[in-house]
*Asks:* 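Mind looking over this structure? Questions follow.
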Protein chains: 2
Amino acid sequence: MQNALADEYRRLSRDTTTHQPLAYLRLRRAIRNVIQHRDIEPGQTLPSERDLSQALGLSRVTVRKAIAGLVEEGLLTQRHGAGTFVAERIVKPMSRLTSFTEDLRARGLHPRSEFFERSVGEVTPEESMALNLSPGVLVVRLHRVRYAEDEPLAIERSVVPASVLPDPHEVHDSLYEALEHHNCRPVRALQRLRAVLLGARQARLLHVTTGSAGLHIERRGFLDDGRVVEFTTSWYRGDIYDFVAELQTD
Amino acid sequence: MQNALADEYRRLSRDTTTHQPLAYLRLRRAIRNVIQHRDIEPGQTLPSERDLSQALGLSRVTVRKAIAGLVEEGLLTQRHGAGTFVAERIVKPMSRLTSFTEDLRARGLHPRSEFFERSVGEVTPEESMALNLSPGVLVVRLHRVRYAEDEPLAIERSVVPASVLPDPHEVHDSLYEALEHHNCRPVRALQRLRAVLLGARQARLLHVTTGSAGLHIERRGFLDDGRVVEFTTSWYRGDIYDFVAELQTD
DNA sequence: GGGGGAATCTGGATCGTACCAATGACATAC
DNA sequence: GTATGTCATTGGTACGATCCAGATTCCCCC
């Protein structure tokens with residue numbers, strides 16, 4: 001049955017828990033799901049845009065918008081005149097996505113967190129944007145200073161959908177370990193990094209002087225089906241943190 | 001007159017040499033050009049989508065498509081209800097090994113270098129360590145400030161073995177282009193990055209105040225066969241540079 | 001004079017329609 | 001049998017029109 005996609009889309013439309021009011025995002029998710037369930041194998045074609053829009057009662061523009069995002073992500077490829085195909089994924093190992101805690105432990109250090117906030121609440125508009133969630137959905141917030149051997153290294157503020165991590169107190173040191181227990185450890189992340197001067201409050205928490213150099217990092221962690229499971233904002237001390245990256249041509 | 005954009009668009013539409021038949025690409029080009037010419041300063045708003053579509057005789061959908069691409073590139077940002085703004089920061093993907101010059105050209109900017117040093121000499125001990133060369137070997141040194149549209153972006157100090165690039169004056173803007181002529185363009189690089197405070201001399205060169213946030217980056221570029229062809233140390237302005245990275249688990 | 005709310009900006013989503021251009025399958029001509 | 005040309009199908013661009021939702025402005029009322 002090639003209607004797996006239409007069925008999945010309609011299921012998501014009825015689904016009240018994860019209700020996504022935006023048609024194109026709903027369709028995007030539906031396509032991801034059928035790909036993940038191997039209802040359409042890599043290399044196979046999706047139904048044509050016209051067929052899809054007719055079957056789903058959406059305009060072709062909306063269908064195209066949903067598809068465009070997945071093409072951008074690399075999950076689909078399009079060939080003019082031929083069709084839209086599920087990409088045969090080429091996984092490029094770039095930089096490693098590692099857990100702060102596991103990282104430090106691997107270096108023989110003892111990482112530790114001090115929380116000032118560990119709560120559950122409804123997403124704010126910004127969070128809903130970053131995590132791709134509908135308004136009103138619950139999220140877990142973790143706000144903490146991370147230490148190694150009593151030396152503060154970073155301030156971190158993580159937001160995770162409560163659907164993947166219901167209880168903030170499950171996280172002791174490592175968020176990623178807690179996520180792993182729910183089989184929701186991110187496999188890919190996008191990170192944005194900039195140099196900043198640390199403000200008074202940040203500097204105090206990190207035991208440095210106000211106006212020291214710091215790195216401001218925003219990270220969004222994804223599952224392999226593309227769902228966002230983590231949105232973390234952090235400030236690292238510039239004086240003890242080096243980031244190493246391996247760059248590659250294409 | 002705020003019609004610089006409309007004028008530029010119409011100019012491109014008439015222009016037969018670079019004639020771009022696709023309206024949305026033409027508009028994208030036009031927007032890039034006006035940004036480049038500082039007709040609209042970073043932080044300033046573009047005309048609204050409705051105004052643009054009316055002024056240019058395009059549909060709003062087409063205008064949105066043109067803008068969407070530039071938002072994706074990081075050249076524009078949009079705020080629902082407020083407007084579309086020229087981005088104040090340069091977003092650089094940290095995972096692609098790209099040439100500074102080619103990068104900025106792709107954004108429609110005109111990169112430029114001002115050299116204070118372009119010389120040949122024997123490797124210092126540190127350089128020989130970084131480049132993996134024997135003592136006494138000759139290297140080319142390039143020390144410069146890199147600009148885009150008369151705005152300094154970074155200070156860069158590159159060291160390249162003279163065996164791959166005998167004459168420092170072969171480099172005009174792009175080191176990588178010069179290396180390519182010798183078939184020695186790096187295909188892989190290791191980069192180390194940290195937040196620093198810019199010193200008085202650096203700040204002066206970069207037109208910022210002493211003690212501003214900056215990024216210190218050290219890069220070693222490798223050929224296929226593992227030879228190091230480039231050792232570059234740079235200081236980027238923290239206020240206009242964002243680095244984005246995609247991370248992956250193994 | 002200051003606070004609150006309406007009016008009016010902005011971008012965001014979605015519909016329907018039209019035509020162009022690349023592809024590929026099938027039928028036809030040699 | 002193979003080459004060629006037609007044609008249905010697919011994605012690509014572009015139009016016009018609505019409605020919704022955030023952001024700002026500004027004015028009126030207390």
Side-chain angles (χ1 to χ4, degrees), chain A residues 2 5 9-10 12-13 19-31 40 43-72 75-87 122-130 132-136, chain B residues 2 5 9-10 12-13 19-31 40 43-72 75-87:
Chain A
Q2 188 45 279
L5 217 182
Y9 176 79
R10 280 191 278 266
L12 287 179
S13 303
H19 187 53
Q20 168 64 69
L22 268 29
Y24 79 96
L25 289 180
R26 222 156 51 213
L27 176 53
R28 199 180 286 185
R29 178 156 308 174
I31 296 175
I40 308 178
Q44 297 303 107
T45 76
L46 245 62
S48 80
E49 297 174 351
R50 284 171 180 81
D51 287 355
L52 265 182
S53 61
Q54 184 146 20
L56 305 178
L58 296 172
S59 85
R60 196 177 148 213
V61 179
T62 304
V63 170
R64 278 180 66 76
K65 187 163 182 182
I67 290 177
L70 296 170
V71 169
E72 180 73 28
L75 211 67
L76 298 176
T77 55
Q78 291 187 298
R79 271 173 45 222
H80 190 171
T84 302
F85 304 82
V86 175
E122 290 192 2
V123 279
T124 66
E126 301 86 51
E127 289 166 358
S128 88
M129 194 65 84
N132 211 349
L133 294 175
S134 317
Chain B
Q2 189 45 274
L5 217 181
Y9 176 79
R10 280 190 279 266
L12 287 179
S13 303
H19 188 53
Q20 167 63 66
L22 267 29
Y24 80 96
L25 289 180
R26 221 156 52 213
L27 176 52
R28 200 179 284 186
R29 180 88 247 163
I31 296 175
I40 308 178
Q44 297 303 108
T45 75
L46 246 61
S48 79
E49 297 174 351
R50 284 170 181 83
D51 286 355
L52 266 182
S53 61
Q54 183 146 19
L56 306 178
L58 296 173
S59 84
R60 194 175 150 216
V61 181
T62 304
V63 171
R64 279 179 66 75
K65 187 164 182 181
I67 291 177
L70 296 170
V71 169
E72 180 74 29
L75 208 69
L76 299 176
T77 55
Q78 291 186 299
R79 270 172 47 220
H80 189 171
T84 302
F85 303 82
V86 176

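So that the names make sense, note that chain A is the first sequence line, chain B the second, and so on, each numbered from 1.
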*Asks:* If you assign Ala82(A) and Tyr24(A) each to the DNA chain C nucleotide with the nearest heavy atom, which residue ends up on the more 5' nucleotide?
*Replies:* Tyr24(A)
*Asks:* Whole Å only: how far is the CD atom of Gln78(B) from the C1' atom of dA21(D)?
*Replies:*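 About 15 Å, once rounded to whole Å.
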*Asks:* Tell me: CD1 of Ile67(A) to P of dT13(D), nearest whole Å?
*Replies:* 14 Å
*Asks:* Would you give me the side-chain donor-acceptor pairs under 3.5 Å for residues 57-71 of chain A, sequence neighbours excluded?
*Replies:*
{"unit_1": "Ser59(A)", "atom_1": "OG", "unit_2": "Val61(A)", "atom_2": "N", "d": "3.3"}
{"unit_1": "Ser59(A)", "atom_1": "OG", "unit_2": "Thr62(A)", "atom_2": "N", "d": "3.3"}
{"unit_1": "Ser59(A)", "atom_1": "OG", "unit_2": "Thr62(A)", "atom_2": "OG1", "d": "3.3"}
{"unit_1": "Arg60(A)", "atom_1": "NE", "unit_2": "Glu49(A)", "atom_2": "OE1", "d": "2.9"}
{"unit_1": "Arg60(A)", "atom_1": "NH2", "unit_2": "Glu49(A)", "atom_2": "OE1", "d": "3.0"}
{"unit_1": "Arg64(A)", "atom_1": "NH1", "unit_2": "Glu49(A)", "atom_2": "OE1", "d": "3.2"}
{"unit_1": "Arg64(A)", "atom_1": "NH1", "unit_2": "Glu49(A)", "atom_2": "OE2", "d": "3.1"}

*Asks:* Distance check: side-chain N/O of Lys65(B) vs OP1/OP2 of dT13(D), anything under 4.0 Å?
*Replies:*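 Answer yes for this pair, as a side-chain N or O of Lys65(B) is under 4.0 Å from OP1 or OP2.
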*Asks:* To the nearest Å, how far apart are Leu76(A) CG and dT10(D) C1'?
*Replies:*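 About 15 Å, once rounded to whole Å.
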*Asks:* Can you list everything that forms a salt bridge (Lys or Arg N to Asp or Glu O under 4.0 Å) with Arg10(B)? Sequence neighbours excluded, please.
*Replies:* Asp7(B)
*Asks:* Can you check the Arg28(B) CZ to dG12(D) C1' distance for me, whole Å?
*Replies:* 13 Å
*Asks:* Of the nucleotides dA14(D), dG24(C), dA21(C), which one has an atom closest to the side chain of His80(A)?
*Replies:*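 In terms of side-chain proximity for His80(A), the closest of dA14(D), dG24(C), dA21(C) is dA21(C).
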*Asks:* Nearest whole Å is fine: how far is dC19(D) C1' from Leu22(A) CG?
*Replies:*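 From Leu22(A) CG to dC19(D) C1': 13 Å.
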*Asks:* Rounding to a whole Å, what distance do you find between Arg26(B):CZ and dT13(D):P?
*Replies:*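 Going from Arg26(B) (CZ) to dT13(D) (P), I get 13 Å.
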*Asks:* Among all residues two or more places apart in sequence or in another chain, which pass the side chain to side chain contact (heavy atoms under 4.5 Å, CB included) test with Ala55(A)?
*Replies:*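 If we apply the side chain to side chain contact (heavy atoms under 4.5 Å, CB included) test to Ala55(A), skipping adjacent residues, there are no hits.
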*Asks:* For DNA chain C, find the residues of residues 49-61 of chain A with a heavy-atom distance under 4.0 Å and give them by number; none if there aren't any.
*Replies:*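 Nucleic-acid contacts, sorted: Arg50(A), Gly57(A), Leu58(A), Ser59(A), Arg60(A), Val61(A).
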*Asks:* Arg28(B): which residues meet the side-chain hydrogen bond (donor to acceptor under 3.5 Å, both in side chains) condition with it, sequence neighbours left out?
*Replies:*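 Here no residue qualifies.
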*Asks:* With sequence neighbours left out, write down each residue that passes side chain to side chain contact (heavy atoms under 4.5 Å, CB included) with Gln44(A), or none if nothing qualifies.
*Replies:* Ile40(A), Glu41(A)
